[in-house]
Number of protein chains: 2
Amino acid sequence: MAGIRAAQKEKTRRALIQAAMNQLTAEHGFASLSLREVAREAGIAPTSFYRHFRNMEELGLTLVDEGGLTLRQLLRQSRQQIAKGGSIIRSSVLTFMEFVNNNNAIFRLLLQEKSGNSKEFRLAIAREVEHFTAELVDYLIEEQQFARELAEMQADAIVRIVFSAGADALDADAKERRRLTEQTIVQVRLVARGAEATRAAAKTTKSGE
Amino acid sequence: MAGIRAAQKEKTRRALIQAAMNQLTAEHGFASLSLREVAREAGIAPTSFYRHFRNMEELGLTLVDEGGLTLRQLLRQSRQQIAKGGSIIRSSVLTFMEFVNNNNAIFRLLLQEKSGNSKEFRLAIAREVEHFTAELVDYLIEEQQFARELAEMQADAIVRIVFSAGADALDADAKERRRLTEQTIVQVRLVARGAEATRAAAKTTKSGE
DNA sequence: TCGTTCAGTGAACACGTGTACGCTCAATTT
DNA sequence: AAATTGAGCGTACACGTGTTCACTGAACGA
């Protein structure tokens, strides 16, 4: 009942996934990944690839899924750091940047395929980003008592800024990355302050009627 | 002195650029563009390509340059139009979204290669984006009397938001694109208001010392 | 008018690609 | 013990790729 056979299959499946990851560098993206090279690095014959994936796209979607999984781990981490106190904005941005730093290849894949050539890829990644935004919206409504519409505007803007900064961080050295992180924190606070001012203005208007 | 020869060369050069544009679709990005196909569509032999560009990368960089130039000219125009009244934020965002809509292929190219696999591309596009930001910074300092640092934070955040929204607009239908445009205008105003509040707070602090 | 320049050509080359096919042989089932 | 399954292999094919090279002939400068 050990399933020697199934275990071995899973093992080489992981080898294929790992091989694909390894070949994803700044210079060599998923689009230019070849079935043969991936198979070679995984230590199997090119034709054996088909025992595991119908084609390269299917492998790619698997990678995106795994990337999304890791991204949700980040979200959980971030939420825990908020719970134990400190600046919500600072700790969230720091956690995000740390993720980008530690999962270089995956974040790069997500970024590239976000505006890549496969609609299926684009939709899959858009879904991931929406999760991120939705959780931020919930936080703003429940913890900060923002009106839904204003919370959505704010959250969407913040996510755009943070992801965009994450993209820039990929090409940056350590020093530049620190600068970028601090800048992002300031920018997110700018948005938060703008939303706060907007809320205050709305209240004044309403009470002045 | 007409330069029949030079004129003809320029003509087929334009044909090559146009051919490359035509082949840039949502499903078929620049990376998977082939020299031979581009040459074929331009109506010349594959080998003649080299009379105009050293390789495909050079062609791509030309496209990036042209796209960036066009966009900057449009935005400058739109900024000048505020002299005759109207919201500068609204008209700038509208202009930008119109560009995205009318120059689908180029904007897609900019987006993809922004986080693509060629360092030279990434740098070229980063340079274009810096141009936008720099012009916005100048405007904020000269026309709105912001301090340099605050102007830079603000401008950078705005550019990130707008470009990110532009990216989403590529996959959106007309209705969704309108919603996205209005949302972006609100978000940019959020940032502007946050910067305004920050400036006001700083002045209060200073005069209170 | 005569030599030079040079955009465009066509054949050829070496290479990497995806994938179809039939085979092996150990794990598994009957 | 015998039959079946299926992961992995090796060969082979057709195809598109970038790039080389020697060439043609019209536009050009002297």
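A, B, ... follow the sequence lines: proteins, then strands. Residue 1 opens every chain. All values derive from a computational prediction rather than experimental measurement.
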Are there any protein N/O atoms within less than 3.5 Å of an N/O atom in nucleotides 14-17 of chain C, and if so, which ones and at what distance?
unit_1 : atom_1 : unit_2 : atom_2 : d
C:dT17 : OP1    : A:S34  : OG     : 2.8

What protein N or O atoms touch nucleotides 20-27 of chain D N or O atoms at under 3.5 angstrom, if any, and at what distances?
unit_1 : atom_1 : unit_2 : atom_2 : d
D:dA27 : O3'    : B:R5   : N      : 3.4
D:dA27 : N3     : B:R5   : NH1    : 2.8

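Whole-Å rounding puts the A:E10 CD to D:dG6 P distance at 17 Å. Note: CZ (A:F49) to P (D:dA7) measures 14 Å, nearest angstrom. Here D:dG8 presents its P atom at 12 Å from CZ of A:R13, a figure rounded to the nearest Å. Remark: P of D:dT17 and CG of B:N55 are 16 Å apart, rounded to the nearest angstrom. In this structure, A:I44 places its CD1 atom 12 Å from P of D:dG10, rounding to the nearest Å. C:dG18 atom C1' lies 16 Å from atom CD of A:E58, rounded to whole Å. Separating the NZ atom of B:K9 from the P atom of C:dG8 is a distance of 8 Å, rounded to the nearest angstrom. Atom CZ of A:F53 is separated from atom P of D:dA7 by 13 Å (rounded to the nearest Å).
Distance check, rounded to the nearest 0.5 Å: CG of B:N103 to CG of B:L71 gives 8.5 Å. Note that CZ of A:R14 and CG of A:L16 are 10.5 Å apart. Values are rounded to the nearest 0.5 Å.
With sequence neighbours excluded, no residue satisfies salt bridge (Lys or Arg N to Asp or Glu O under 4.0 Å) with A:R178.
In summary, A:E196 and A:R193 do not engage in a salt bridge, as defined by a charged side-chain N under 4.0 Å from a carboxylate O. In summary, B:R127 and B:D65 do not engage in a salt bridge, as defined by a charged side-chain N under 4.0 Å from a carboxylate O. Ion pairing between a basic and an acidic side chain is recognised when a charged N comes within 4.0 Å of a carboxylate O; B:E182 and B:R90 show such pairing. With salt bridges taken as basic N to acidic carboxylate O contacts below 4.0 Å, none links B:D173 and B:R177.
Ring-plane geometry between A:F163 and A:F107 is classed as tilted, the angle between the planes lying from 30 to 60 degrees on a 0 to 90 degree scale.
Between B:I89 and B:I185, the shortest heavy-atom distance links the atoms CG2-O, 4.1 Å.
Between A:T12 and D:dA7 there is no side-chain N or O to OP1 or OP2 distance below 4.0 Å.
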